[in-house]
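Encoded as structure tokens, the structure appears first; notes follow it.
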Amino acid sequence: MKWIGFVIVPLLIAAFGVAVYAYTRPIDRELDAEGRTWVAGYESWSGRSLRDVRAALVRMDFGREARNARLVEPLRRCSASLTRLGEPPELLASVQRLSLEGCGRAEHAVGLTDRFGTASLASIKLHLGEAEDRLAVARRTLRVTLAEDASAS
């Protein structure tokens with residue numbers, strides 16, 4: 001019966017050590033080929049999305065219902081288009097989260113345009129401004145993270 005203590009205690013200590021390491025290990029900062037592909041796709045997506053948000057933000061105006069609808073139309077599937085890029089490397093999860101938040105604001109603006117037209121233009125522009133901010137921060141976060149990764153190598 002004493003042998004159980006000699007077997008179980010070391011196993012518990014080893015399991016605890018593995019759990020601590022798995023929970024506290026540093027994020028893998030190396031991008032593999034799949035990660036580099038995601039970054040390239042994201043950079044293209046980000047540039048296009050920011051351009052669409054900024055165009056809608058600047059060009060939307062009262063009394064231009066059809067034009068306003070055309071300006072926000074590319075933003076309707078913002079989240080879906082980001083999701084098609086696949087999962088980002090763990091190192092860049094915050095970039096995806098910020099981008100999805102930006103898409104959510106842009107898609108909300110599209111919904112307001114559909115529902116209220118120019119009667120809600122101030123709210124629409126407020127949400128588009130928030131979308132622009134989040135997408136720009138996500139893009140900067142990507143650049144900073146990759147710069148830190150390059151300097152750590």
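When a residue number appears, it is its place in the shown sequence, counting from 1.
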Shared ILVMFWY cluster between Leu85 and Val39, side chains joined below 4.5 angstrom?
yes
So do Asn68 and Ile124 actually touch side chain to side chain, heavy atoms under 4.5 Å?
no
Rounded to the nearest 0.5 Å, what's the gap from OG on Ser79 to CZ on Arg77? Could you check?
12.0 Å
Check ion pair Glu107-Arg76 (N to O, under 4.0 angstrom)
no
If you look at every heavy atom in Pro89 and Gly35, which pair is closest and at what distance?
CG-CA, 3.6 Å
Tell me whether Arg105 is salt-bridged to Asp133, with the criterion being a basic N under 4.0 Å from an acidic carboxylate O.
no
Here the pair of heavy atoms bringing Ala106 nearest to Val53 is CB-CG2, 4.5 Å
Return the minimal non-hydrogen interatomic distance between Leu82 and Ser99, and the atom names on each side.
CD2-CB, 3.5 Å
Do Tyr42 and Leu50 sit in one hydrophobic cluster, given that two such residues count as connected whenever their side-chain heavy atoms are within less than 4.5 Å of each other, even indirectly?
yes
Atom pair CG (Leu128) and CG (Leu75), whose distance is rounded to the nearest 0.5 Å
6.5 Å
So if you build clusters from Ile, Leu, Val, Met, Phe, Trp, Tyr with side-chain heavy-atom gaps below 4.5 Å, do Phe116 and Val110 land together?
yes
Could you check if a side-chain atom of Arg59 sits within less than 4.5 angstrom of a side-chain atom of Arg64, using non-hydrogen atoms only?
no
Report whether Leu100 and Leu92 are members of the same hydrophobic cluster (ILVMFWY, side-chain heavy atoms less than 4.5 Å apart, transitive linking).
yes
With a 4.5 Å cut-off on side-chain heavy atoms, are Leu31 and Leu146 touching?
yes
Minimum-distance pair of heavy atoms, taken over all atoms of Ala93 and Pro88:
CA-CG, 4.1 Å
Could you give the distance from CG (Leu112) to OG1 (Thr118), rounded to the nearest 0.5 Å?
12.5 Å
Enter the distance from Leu57:CG to Asp52:CG here, rounded to the nearest 0.5 Å.
12.5 Å
Looking only at heavy atoms, the pair that brings Leu98 and Arg134 closest together is O-CB, 3.8 Å
Who are the side chain to side chain contact (heavy atoms under 4.5 Å, CB included) partners of Ser81, not counting sequence neighbours?
Trp45, Arg84
Glu34 atom CD, neighbour heavy-atom count above 12 within 6.0 Å
no
Arg139 CZ to Ser49 OG distance, which is reported to the nearest 0.5 Å
9.5 Å
So does Arg67 have more than 12 non-hydrogen atoms from other groups sitting under 6.0 Å from CZ?
yes
Kindly determine whether Glu101 and Leu135 satisfy side chain to side chain contact (heavy atoms under 4.5 Å, CB included), including the steps that lead there.
CA-CA 8 Å; Glu101 288 174 11; Leu135 291 172; over 6 Å; no
Scanning both residues in full, the closest heavy-atom pair of Gly117 with Glu65 reads CA-OE1, 3.3 Å
Look at the side-chain heavy atoms of Ile, Leu, Val, Met, Phe, Trp and Tyr, link any pair under 4.5 Å apart, and say whether Leu71 and Phe62 land in one connected group.
yes
Would you confirm whether Gln96, through its side chain, and Glu87, through its main-chain N or O, come within 3.5 Å as a donor-acceptor pair?
no
Quick check for you: to the nearest 0.5 Å, what is the distance between Ser120 atom OG and Lys125 atom NZ?
12.0 Å
